[in-house]
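Report on one structure; see the data block that follows.
Quick note on labels: first sequence line is chain A, next is B, and so on, each numbered from 1.
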Amino acid sequence: MNLPSFKPVADYGVLIEFGTRESDDLYKLVVTLDKTITSANILGVVETVPALVNLLVIFDPLVTTHTLVQSAVTALFPLKIPKNSKQTIHRVPVCYDMELSPDLIEVAKVKGLSVDAVIAAHLSATLRVSMYGFAPGFAYLSGLPEAIQVPRKPSAIRGVPTGRVMIAGPQCLITTVVMPTGWSIIGRSPVSIIQDDSDDPFLFRIGDTIIFERMHRNNLPIELQAK
Amino acid sequence: MTKARFKVVFAGPLVSFQDQGRFGHLRFGVSTSGPMDRFAHRAAHALVGNSNAGSAIEVSLGGLILECVAGEAMLTVAGGGFSVQCGATNTNGWTTQIIRRGEKLTLRAGEWGSWCYIAFAGQLTLDKWLGSTSTHSMSGFGAGKLTAGVEFEVQNSEVFNSRCGDTLCPNAARTTDKVRMIVGPQDQYFNLEAVKYFCSKPFELTDAFDRMGVRLSGPKLLLKDALSIPSEPIVRGSVQISGDGVPTVLLADHQTTGGYPKIATVLSVDVDRLAQMRSGDTFRFIPVSAEDAIAAVRKHYSTCEAILDDLAAPKATLAEKLQSLNLIDGIVSAID
């Protein structure tokens, strides 16, 4: 296994990069290194931020330096990539009622599919929590089938509420805050990724598996049933 | 010990409660938030006599008017040079005052600076999210924005006349026209000329400026190819370049990942000085090595700790006050 590249980020970070093209293999390396660094308790390391092909290590510059962090991480190689690691699977209910899914028809039209085929493709996907970003609790779920991959809209729609299931390119996400977005809204989910006010309220860990299940509009919480 | 209650009479946009920040949740998309000027926030608490820098009010250029509706409290204003009216007293910049029931505190944009802080002696009782009151501007998570009609309470307020009066803003809290950064981590995607321009030409802050970031104007920084890179971590101080070659410096409420290439990252010790500048101000980026960055942050830390210790000491007499101001300038000029 080749060593990743190490790049200094400001006075408190090192970006560790395995490659520049997203792939399952690189992603496994990122997740494994993330876990390995966390359990290694490296002096001065305060936080790690995994992304698609790289991982940012944040350190306390009063305690350590870029060079010392790089040496400590290099010493963790070669990584032991678990062959059959235990997967946490979340079954996430989604309501695809046409009234609540404003972009379903457009996605079907663009992809030359029926609405039912779009829904079936979404339900067939096994998605992976590849990273969080943009806003608190915004989990990017990777692995959408090519048949329903659509580009972002040319301009963002403002004020999209929480609980919306949206897609763009190979990714899917469920909104956690009111936000502007150019993604296509294809359903609603009662699942809240930010669960409560505890110290660890996030439902998904990076690397978790997500499978969607169809839910009837009547089973949504009342506030999500309304158009 | 006294208690006081305040009501917001008027608040401009982006006036919010901020403690030191919300740490350790970047992997879940949560930026640290906290004060845009972390040193001024701590200085305000030090001057008002709080041993911990807890929650304070961050005031934007939009200004703020508070009315004390019950009790009395001692407060410090520190940060940019804002104009301050507290009861019958008019002043500018850094000041510690006592406010009593029926009196108003009015802050307006002054000679320089984009942000200032109001710290009260005692504690503000506020809502927390993930252990912090810091308000994340996009989601509103945390104690929240201040808007007309909002009321809040100050507990365990202590009032000492000996702390009151104006304090000179230390040099370490002023803006700088040289902003140090480390080139990368995606400088390889830019043509050589772009990196050269970035490291040498002046840049100007535009009015696309909020707690998430500030867009700059300057030479276009062109990518070698119009390629898309996989989304990757962003920090406070990341300088990302959009497809049309325009840089944005990400600030306290930054998004935590993104797909625009980053040409550089501003040092933590300079990013808040940059955030205190205003639209139209110009500066240059100065490239430094990783070793120099570490040396700079360590030096900055000891300088700031010395200043904060000094600000925290009660200033009993005018003579002592003047002496302490000389000491502050002495420290700054001796080390910088």
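Top candidate by heavy-atom pairs under 4.5 Å with chain B, chosen from A/S5, A/G133, A/A10, is A/A10. Of the residues considered (A/P61, A/S130, A/P201, A/P8), A/P61 shows the highest number of contacts with chain B, using heavy-atom pairs under 4.5 Å. Highest contact tally toward chain A, considering only B/V235, B/V271, B/V266, is held by B/V235 [criterion: heavy-atom pairs under 4.5 Å]. Most heavy-atom pairs under 4.5 Å with chain B, from the set A/E22, A/M131, A/M179, A/R205: that is A/M131.
Environment of CG in B/L192: sparse, with no more than 12 heavy atoms of neighbouring residues, nucleotides or ligands closer than 6.0 Å. Counting non-hydrogen atoms of other residues, nucleotides and ligands closer than 6.0 Å to NZ of A/K111 gives a total above 12. Within a 6.0 Å sphere centred on NZ of A/K153, other residues, nucleotides and ligands contribute more than 12 heavy atoms. Around atom CD of A/Q87, more than 12 heavy atoms belonging to other residues, nucleotides or ligands sit under 6.0 Å away. Taking a 6.0 Å sphere around OH of B/Y260, one finds it holds 12 or fewer heavy atoms contributed by other residues, nucleotides or ligands. When the shell of 6.0 Å around CG of B/D244 is examined, it contains more than 12 heavy atoms from other residues, nucleotides or ligands.
Of all heavy-atom pairs between B/F141 and A/T176, the closest is CZ-O, 4.4 Å. Between B/R298 and A/T64, the closest heavy-atom pair is NH2-O, 3.2 Å. Smallest separation of non-hydrogen atoms from B/T256 and A/Y132: OG1-O, 3.8 Å. When every heavy atom of A/A51 is checked against every heavy atom of B/S231, the shortest pair comes out as CB-O, 3.7 Å.
Annotation: the span from A/K7 atom NZ to B/Q188 atom CD amounts to 3.5 Å, rounded to 0.5 Å. Atom CZ of B/F28 sits about 11.5 Å away from atom CD1 of A/I193, to the nearest 0.5 Å.
Heavy-atom distances place the backbone of A/V63, and not its side chain, under 4.5 Å from chain B. When heavy atoms are compared at a cutoff of 4.5 Å, A/Y12 approaches chain B solely by way of its side chain, counted from C-beta outward. Contact annotation for A/L56: both backbone and side-chain heavy atoms come within less than 4.5 Å of a heavy atom of chain B. Interface remark: A/T67 contributes side-chain atoms only to the contact with chain B (heavy atom separation under 4.5 Å). A/F6 does not touch chain B: none of its heavy atoms, backbone or side chain, sits under 4.5 Å away. For chain B, the nearby parts of A/L52 are the backbone and the side chain; heavy atoms of each come within less than 4.5 Å. Both the backbone and the side chain of A/V49 come within contact range of chain B, judged by heavy atoms closer than 4.5 Å.
Applying the salt bridge (Lys or Arg N to Asp or Glu O under 4.0 Å) rule to B/R38 yields the partners B/D272; only residues at least two apart in sequence or on another chain are considered.
Residues of residues 16-26 of chain B placed with any heavy atom under 4.5 Å of a heavy atom in chain A are listed by number as B/G24, B/H25, B/L26. Chain A is approached within less than 4.5 Å, heavy atom to heavy atom, by B/A290, B/E291, B/A293, B/I294 from residues 288-295 of chain B, ordered by number. Contact residues of residues 176-187 of chain B toward chain A are B/I182, B/P185, B/Q186 (heavy-atom distance under 4.5 Å).
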- Item | Residues A/I194, B/W129; criterion side-chain contact (heavy atoms from CB on, under 4.5 Å); working and verdict | CA-CA 11 Å; A/I194 303 176; B/W129 183 61; 4.0 Å; yes
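Between the B/R27 side chain and the A/P50 main chain, no donor and acceptor come within less than 3.5 Å of each other.
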